[in-house]
2 protein chains.
Amino acid sequence: MEELVRPNINTTPVELMPDFQFALSVDCVIFGYDEGVLKVLLIESDLPAYKGQWSLLGDLLRHDEDLDEASYRVLRERTGLTDMFLEQVKTFGAVNRHPAGRVLTTAYLALVNVKDYQLKKKENALQWKPVSEIQTMAFDHRLILDTSLTVLQRKIQEEPIIFNLLEKKFSLRDLQHVFEQILGVEFDRRNFRKKLFTTGLLTDVNEMEQQVRHRPGRLYSFNQKAYEQIKRKTFVGLQF
Amino acid sequence: MEELVRPNINTTPVELMPDFQFALSVDCVIFGYDEGVLKVLLIESDLPAYKGQWSLLGDLLRHDEDLDEASYRVLRERTGLTDMFLEQVKTFGAVNRHPAGRVLTTAYLALVNVKDYQLKKKENALQWKPVSEIQTMAFDHRLILDTSLTVLQRKIQEEPIIFNLLEKKFSLRDLQHVFEQILGVEFDRRNFRKKLFTTGLLTDVNEMEQQVRHRPGRLYSFNQKAYEQIKRKTFVGLQF
DNA sequence: GCTGAATTGTGTACTTTGTACATTATATAT
DNA sequence: ATATATAATGTACAAAGTACACAATTCAGC
């Protein structure tokens, strides 16, 4: 078989092996919900090949760090946030995806509360771009963004992660609007409320919206403990 | 910021960069359904550190191949199969996961028809092991297997990929049994049939089971075209 | 303090989907 | 001919999803 005659990890000292000549990076697709719009945090590419184009926030993997740690480090270093929803999406490994050599990248999906971020930001080169307005991007980052958005759409229907995009206390209108923004559909307001209440995941915090120019709505918080109990009874059913 | 003073792809020739010293592999979690049991195709590890332990089928990524291609190559070289369900699951990147150095691996989920495979197999070192009987494995392969199984459980409920485990023509009993094996639940037979028929994805091939020691059931095939039409109307709904 | 604008909060009838459950029919093995 | 194993089928009830309308509250502007 072909692979038996090629140098491999059993036949060759590591430092001489052509197999150990890959670079790895992580790229974070950081979603935020701001003023009724789904946005993603981008930076202008610093690579000549992609001058002026928008790029995801990423960095090369270091030798002494786990892949998951690297994504966490990028988030922390670039946004100052340390406690966010962060999950691996997919690894992109096309041969020519990076002009500097064979660099594969693992995409991570992050959901942050834009209000938290704004208090701590340090870099002005970063921008929250509305997802719907993004055209071309550097590298294969447009593909990565599209893939991550699809994953986000699926995941918010399966797990209550959407609350990571909102403040601790939120109105049902905000909650419904984030769903609608991400999924690109509209829900009936009464049915949406009914559905959310019957999940038992909302806690009424007995406060009202402030500074709205209409009748203020009640505020709710996500009840994490209730979810921990519910999620053990894993749903089983076919839906294709 | 810390990363600005480290060597990076903008400041250093590629061949000298410490960042280009990673190896990447793909590992295929190849599921098959055989004699009523969910099995996975494994090989005994050839690494001294894991002598005698079971390992997933994998290989190092080559410099001139895409990541997806590498997984396809492993499947083809090891099983002779060229047309199977194959999808990336996740990349595992713990620092010390491989004894020979910093090797990250991307896991791929494959679903094959065991009958097809048996006609073409060449390697005797490979074995179909019942998933329920697997204990420890080499490297972090047990973690990879568990992760992939969870992904499989989710995906068969969302997309009609389970047919890849069966022969082209199958009985409803077989279909139900695969679902039950993978999900670890039991369905009511009448309700299961009703559900499957109403999906419109089954074509009655007007044949009966052969060589069964009881009344033979009708055989069906998966109607791919019907699915292509249905899947555009993406289901939207909350289910947590 | 009245009016208009915007949005909240609520309930019911209907449809669709899921669930529980038992009997007759057909093929094989002996 | 009989026993065994499984196929094929329908109905009543429960649960969940959907469509839909009106009164109440707050703010802004006059």
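Taking each heavy atom of Phe240(A) and Thr199(B) in turn, the nearest pair found is O-CG2, 3.9 Å. In this structure, Gln181(B) and Leu38(B) approach most closely via the heavy-atom pair OE1-N, 3.2 Å.
Atom CG of Leu196(A) and atom C1' of dA16(D) are 15 Å apart (whole Å). Following rounding to the nearest Å, Leu219(B) (CG) and dT6(D) (C1') show an atom-to-atom distance of 14 Å. What separates CD of Glu209(A) from P of dT7(C) is a distance of 10 Å, to the nearest Å. The separation between Phe197(A) atom CZ and dT10(C) atom P is 7 Å, rounded to whole Å. In this structure, the CZ atom of Phe235(B) is 8 Å from the P atom of dT18(D), given to the nearest Å. Protein atom CZ of Arg213(A) is 12 Å distant from nucleotide atom P of dC27(D), rounded to whole Å. Going from atom CD of Gln211(A) over to atom P of dT7(C) covers 17 Å, rounded to whole Å. Put simply, CG on Leu238(B) is 10 Å from P on dT18(D), counting in whole angstrom units.
Residues Leu152(A) and Phe31(A) have side chains in contact (heavy-atom distance under 4.5 Å, counting atoms from C-beta outward).
Take the nearest nucleotide of DNA chain D for Arg215(B) and for Val236(B): the residue whose nucleotide is more 5' is Arg215(B).
If you check residues 181-195 of chain A against DNA chain C, the residues with a heavy atom closer than 4.0 Å are Arg189(A), Arg190(A), Arg193(A), Lys194(A), listed by number.
Taking the six-membered ring wherever Trp is involved, the centroid distance between the rings of Tyr50(A) and Phe139(A) falls below 6.0 Å. For an aromatic pair to be called close, the ring centres must be under 6.0 Å apart, and Phe170(A) with Tyr33(A) fails this.
Using a cut-off of 4.0 Å between Lys/Arg side-chain N and Asp/Glu carboxylate O, Lys155(B) and Glu87(B) are scored as salt-bridged.
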